Amino acid sequence: MTHRIRMLPSGHTFECEATETVLEAALRSGVNLDHGCATGTCGECLARVVSGSVGEELFHDYVVGDAERLQGYALMCRSRPGSDLEIEAHEARSAADIPEQQLTARIVRVDAPADDYRVLHLRTPRTRTLRFLAGQSVELKLRGLQPRVLPVASCPCNGMQLQFHLRRDPRDPFAERVFHDPAFTAPVELRGPFGEFILDEEDPNPLVLVALDTGFAPMKSLIEHAIALELPQPVVLIWFAIHPGGHYLANYCRSWADALDDFRFVPLVLDAGRGRRLTASEQALAVLARLESLPEPRVYLAGPADPTRDLEQALAAAGLPGERLRMETMP
Ligand code: FES
């Protein structure tokens, strides 16, 4: 049986099966409720049920006092709905709402979608997942190496299964380790999240996501979050490949057309032939040509530092107002 949950004061609504907890359903639906352990120990998911009734309450160590219970408070990670519910709770809406965390994850898989690209899959303990907003980055530390900051490429709806993208780079010891000695089950120390490159969920305007190379990683997180939220506005993903094999998850991108009402994937290459690369101005014109039919689009731009800054300047010079652009650069 499915129940409808309405959050206050945000007004977010989502469906919750009678067999899942309110927290599980909220996260799956892109609603970032305050939480910590997800196992009934920390008390961070305590929220007030304003109307409706909680059905099954799973075992928890955290003690909810009698006075709190009388006021309707319950742990969202331990409560399954017994009816439609209205719940008063705090949701993370900005980077400042998410505390910095430190945890240890394990490498569970490394995919090789192209010769020079790897997709690193990490898993956190079930009781210690990573809370982050789509588009944010995390510091990863492998034994014996300097920490490396990478954007999370997966959806915040699953803080236990995390994904990161890497391009082969002999000057990058972290990437070299992942390419040549991934050491399955190796521990990875995580710290974060960091960064303000997040979705403005209140903005109803079309989203244009412009990725250069592995700048695709935060875009993937943003799009998966947009799908979880069921955002209705058009989404355009423009992905510039800088190196051979640079559209390393192109088929995955095409599959988003099924999940979003109005989604366009535009793969472009910087190689202009005869050893010449598109200039930043030419890239900007290629982007702006895709915006023409969109009213007041919001542009999110991410990629390696130098070409991304060049493209930002070229977009500004070509007339894109600065307040309509968010940018994230990667080392
Ligand atoms: S998240 Fe820790 S008690 Fe619910």
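Keep in mind that what you see is a predicted model, and the values were worked out from it rather than measured. Every number for a ligand or one of its atoms is a count from 1 in the order of the listing. Side chains are part of it too, since the values below use all heavy atoms of this structure and drop only hydrogens, waters and symmetry mates.
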**Request:** Under the salt bridge (charged side-chain N to carboxylate O under 4.0 Å, His left out) rule, collect the residues that match up with E292, sequence neighbours excluded.
**Result:**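 Salt bridge (charged side-chain N to carboxylate O under 4.0 Å, His left out) list for E292, sorted by chain: empty.
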**Message:** Short of 2.8 Å from atom 4 (Fe) of ligand 1, name each protein N/O/S atom, waters not counted.
**Reply:**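 The answer is C45 SG, C77 SG.
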**Prompt:** F216 vs W239 aromatic rings, parallel, tilted or perpendicular, using cut-offs 30° and 60°?
**Reply:** parallel
**Prompt:** Quick one: side chain to side chain contact (heavy atoms under 4.5 Å, CB included) partners of E282, sequence neighbours excluded?
**Reply:** R276, L278, T279
Which pairs would a plain distance check flag for residues 312-327, meaning a side-chain donor or acceptor within less than 3.5 Å of a matching protein atom at least two apart in sequence or in another chain?
{"residue": "R324", "atom": "NE", "partner": "P297", "partner atom": "O", "Å": "3.1"}
{"residue": "R326", "atom": "NH1", "partner": "I198", "partner atom": "O", "Å": "2.4"}

**Item:** Joint cluster assignment, I87 & L27, ILVMFWY side-chain distance < 4.5 Å
**Value:** yes
**Prompt:** Would one find more than 12 heavy atoms of other residues, nucleotides or ligands at under 6.0 Å from atom CD of Q71?
**Reply:** yes
